Amino acid sequence: GAVVSQHPSRVICKSGTSVKIECRSLDFQATTMFWYRQFPKKSLMLMATSNEGSKATYEQGVEKDKFLINHASLTLSTLTVTSAHPEDSSFYICSASKWVAGGYEQYFGPGTRLTVT
Amino acid sequence: EDKVVQSPLSLVVHEGDTVTLNCSYEVTNFRSLLWYKQEKKAPTFLFMLTSSGIEKKSGRLSSILDKKELSSILNITATQTGDSAIYLCAVDDLNQGGKLIFGQGTELSVKP
């Protein structure tokens, strides 16, 4: 297997502030990382694909100026939720891809629960 | 359009039962199929399958891919209450730059 960490695991912030979430691959290098959000009882919704050293690719309907992604190294990607509002409250999960003969195994971080008050 | 469909959507069994979860897919350029288990937090990786007919096994869980039928099954034998979770199937399409296409998930509940 492989280990992906996320920090913080839980954050509460006030409306209008920004929050940064870090995603790290601990025991492998990940050229590509992904950011998802998940609402209660719903499936994962891909927000963006983050490639090391280049701009992130956002899914349709995801505001790139609101959800800033930086992938500065092969083991670290960050998601910054800018000017957060209560509707941004959600479970944010990152994942990192590891090449294993024949395909990419994608490992998820433990997630960050964001609550905007 | 790429699509992954899981069945059943939910399932309730008793401890000791054996369950089979299904996943079928339609993708342009298949590379691999992955199974995950999601409890209260983020999904945990179970298996990645790339070749037809080769069973992958981990304890009481096993999975196999059938590329002819565009499907995979996940078997859990001698189920335990700790197996209660949502099981997600996802497909990696070569044309999608590594993005996974997820099914809706199967919610498994194992009663004592």
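Per chain, numbering begins at 1; letters A, B, ... match sequence-line order. Predicted model, so just to flag it, every value in this text is computed and none were measured.
Contact annotation for B:Y36: only side-chain heavy atoms (C-beta onward) come within less than 4.5 Å of a heavy atom of chain A. The contact between A:Y104 and chain B is made by backbone and side chain atoms together, counting heavy-atom distances below 4.5 Å. In this structure, chain B has a heavy atom under 4.5 Å from the side chain of A:Q38, while its backbone stays farther away.
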Given A:D88 and A:K66, is the salt bridge (charged side-chain N to carboxylate O under 4.0 Å, His left out) satisfied, shown in steps?
CA-CA 10 Å; A:D88 298 324; A:K66 181 166 185 60; 2.9 Å; yes

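When A:S43, A:G111, A:S95, A:P110 are compared by the number of non-hydrogen pairs under 4.5 Å with chain B, A:P110 comes out ahead. With chain A as partner, the option from B:S51, B:G103, B:S32, B:P43 having the largest number of non-hydrogen pairs under 4.5 angstrom is B:P43.
Between B:E39 and B:K41 no salt bridge is recorded (no basic side-chain N to carboxylate O distance below 4.0 Å).
Residues B:D2 and B:Q96 are in side-chain contact: their nearest non-hydrogen atoms beyond the backbone lie under 4.5 Å apart.
Note on ring orientation: taking the six-membered ring where Trp is involved, the planes of A:Y36 and A:F108 are tilted (angle from 30° to 60°). Between B:F30 and B:Y25, the two ring planes are parallel [angle under 30°; tilted spans 30° to 60°].
Note: the hydrophobic cluster containing B:L88 also contains A:V4 (ILVMFWY, side chain heavy atoms under 4.5 Å, direct or indirect links).
Identified by a heavy-atom distance below 4.5 Å to chain A, contributing residues of residues 64-86 of chain B are lacking entirely.
Proximity of a side-chain donor or acceptor of B:Q6 to a complementary backbone N or O of B:G105 within less than 3.5 Å is detected.
Checking A:M33, A:H71, A:H7 one by one against A:C23, the side chain to side chain contact (heavy atoms under 4.5 Å, CB included) holds for a single residue, A:M33.
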